[in-house]
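For reference, the structure discussed in these notes is given below.
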2 protein chains.
Amino acid sequence: MLERRAGEHGFSLIQTRLLGVLRDRRPTINELATLLGLNKSSVSGLVDRAERRGLVRRIPSAVDRRSVQVALTEDGRALASKVSARFGADVAAMLGPLTAADRATLTRLLSRVLVEHAAARGVDMLATGANARAGDGG
Amino acid sequence: MLERRAGEHGFSLIQTRLLGVLRDRRPTINELATLLGLNKSSVSGLVDRAERRGLVRRIPSAVDRRSVQVALTEDGRALASKVSARFGADVAAMLGPLTAADRATLTRLLSRVLVEHAAARGVDMLATGANARAGDGG
DNA sequence: TATTGTTATACTCTATAACTATA
DNA sequence: TATAGTTATAGAGTATAACAATA
C-alpha cells in the first residue's frame, strides 16, 4: 500500500524510505547507506535523483570537508507528510472491520512480535521511537 | 525476510514471486502479467532471465500458436520449495515469543483483516486457498 | 482487425571497483 | 594510510511503443 501511495506521486518505495528517514535526521551519505541497507554508491545516485526533483539537498559538512549532510527541502517534507498521512489512513481503513478491542489486541501482539524481533537483532525500537512512525524506513 | 531468503540463493523478490505463482499454475505471459501486476514486456524479460537459469521453461500452446505457457522446471520447483520452507521457519521463529493462545488470536485477527481487505477488492481468499501458501505472490 | 509475445528504448535501482579530495 | 563521496561500469527490473506472427 505504501508503494502504491508513493506511486501516485510518481516515486518509488526506496525514494519514499529516503524521505521518511530524513524526516527527523540529517545524515551523511554513509549514515544513509547504513540506515537504508544500501551501498554508499547506491545512496549517492538515490540522492542525486531526489535532489534533481527538489526533494532533498546536500549540505557541506562544517567539520569535515569530505562529508555532506542530506536534508529534506520544504517540498520534500510536504511530500513525505502527505504520503505518510495517506498510508496511515489506508492502515486505519484496513483495520476498520475490527472492533476497538480487537484492534487494541492486534496492536499489542504485533508490537510485541516486532519489538522482540528487533531486539534479537540488537535494535531497541522502544528507545528510538521508531515504532510510532509510519514509512520511516526503520 | 522473504527477500533476504531469496537473496541467499542469488535471486530477487520478483523472481521468487514468479516461482511461487508457478507452483500450482501454468499461465501464459499475459496471465502472468495480471498475476504479478506487471506489463507483459516486463514479464517477458523476467521469464527470459529465469529460463536462462534453468528455473522455468516456455511451452508452446497447443491451441493458439501465438501463445506460450510458462512452467517450473524441476530445479525451479526445488528452489521454490526450499525458499518457502525457510521463510515459513522465519515466521514461526518470529512468533515464538508469543504463547500458543496469543498466536491463535493473532492469526485469527490478521486473517480477518486480510480476508476482508482482499474481499473489498473482489478477491475471495478463502476460495482460492491462497491464504494457505507463503510466497505465492498473492 | 485484434491479440500474443518479443524487441527497442529509456529510466530507476543496485553493487563493485576505481578514483578524488580530504583527513 | 584511511575515509567520504563520486563516477564508471554492469546488470536486473520496469514501462511505453513498435513490431511480427497468428487469430
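A note on names: the letters A, B, ... follow the listed sequences, proteins ahead of strands, and every chain is numbered from 1.
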Is a side-chain donor or acceptor of [X] paired with a backbone partner of [Y] at a separation under 3.5 angstrom?
X: Ser84(B); Y: Ala80(B); answer: no
X: Arg26(B); Y: Ala71(B); answer: no
X: Thr73(B); Y: Leu55(B); answer: yes

Check your understanding: If an axis is fit to five pairs at each end of the helix from dT1(C)-dA23(D) to dA23(C)-dT1(D), what is the angle between the two, to the nearest 10°?
Key -> 20°
Exercise for review: May I ask you to verify whether the side chain of Arg65(B) and the base of dT22(D) hold a donor-acceptor pair under 3.5 Å?
Suggested key: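 No pair found.
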**Study point:** Donor-acceptor pair under 3.5 Å, Ser61(B) side chain vs dT4(C) base
**Key:**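 Side chain to base: no pair present.
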Look at [X] together with [Y] and state whether they make a salt bridge at an N to O cut-off of under 4.0 Å.
X: Glu8(B); Y: Arg86(B); answer: yes
X: Asp102(B); Y: Arg112(A); answer: yes
X: Asp48(A); Y: Arg58(A); answer: yes

Tell me whether the OP1 or OP2 atom of [N] has a side-chain N or O from [X] closer than 4.0 Å.
X: Ser67(A); N: dG5(D); value: yes
X: Ser44(B); N: dG5(C); value: no
X: Asn30(A); N: dG5(D); value: yes
X: Arg66(B); N: dA20(D); value: no
X: Arg49(A); N: dC13(C); value: yes

Check your understanding: Does the side chain of Arg5(A) pick up a donor-acceptor pair with the side chain of Thr16(A) at under 3.5 Å?
Key ->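 No pair is found: no donor N or O on one side chain lies under 3.5 Å from an acceptor on the other.
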Practice item. Would you please say whether a donor-acceptor pair under 3.5 Å links the side chains of Thr28(A) and Asn30(A)? Key: no
Practice item. Specify the residue among Arg53(A) and Arg58(B) whose closest nucleotide of DNA chain C lies further upstream toward the 5′ end. Key: Arg58(B)
Nearest to the side chain of [X], heavy atoms from C-beta on, is which of [options]?
X: Asp64(B); options: dT4(C), dA23(C), dT14(C); value: dT4(C)
X: Ile14(B); options: dT14(D), dT3(D), dG5(D); value: dT14(D)
X: Ser41(B); options: dT12(C), dT6(D), dA17(D); value: dA17(D)

Whole angstrom value for the distance that separates [atom2] of [N] from [atom1] of [X]:
X: Leu13(A); N: dT14(D); atom1: CG; atom2: C1'; value: 15 Å
X: Asp48(A); N: dG5(D); atom1: CG; atom2: P; value: 13 Å
X: Gln15(A); N: dT14(D); atom1: CD; atom2: C1'; value: 15 Å
X: Gln69(B); N: dT4(C); atom1: CD; atom2: P; value: 14 Å
X: Lys40(A); N: dA8(D); atom1: NZ; atom2: C1'; value: 15 Å
X: Glu3(A); N: dC13(C); atom1: CD; atom2: P; value: 11 Å
X: Leu38(B); N: dA12(D); atom1: CG; atom2: P; value: 16 Å
X: Asn39(A); N: dT3(D); atom1: CG; atom2: P; value: 16 Å

Exercise for review: Under 4.0 Å between any heavy atoms, over every strand shown, what does Val68(A) touch: base, sugar-phosphate, or nothing? Just pick one.
Suggested key: sugar-phosphate
Check your understanding: How would you label the contact of Ser42(B) with the nucleic acid (heavy atoms, under 4.0 Å): base, sugar-phosphate, or nothing?
Key -> base
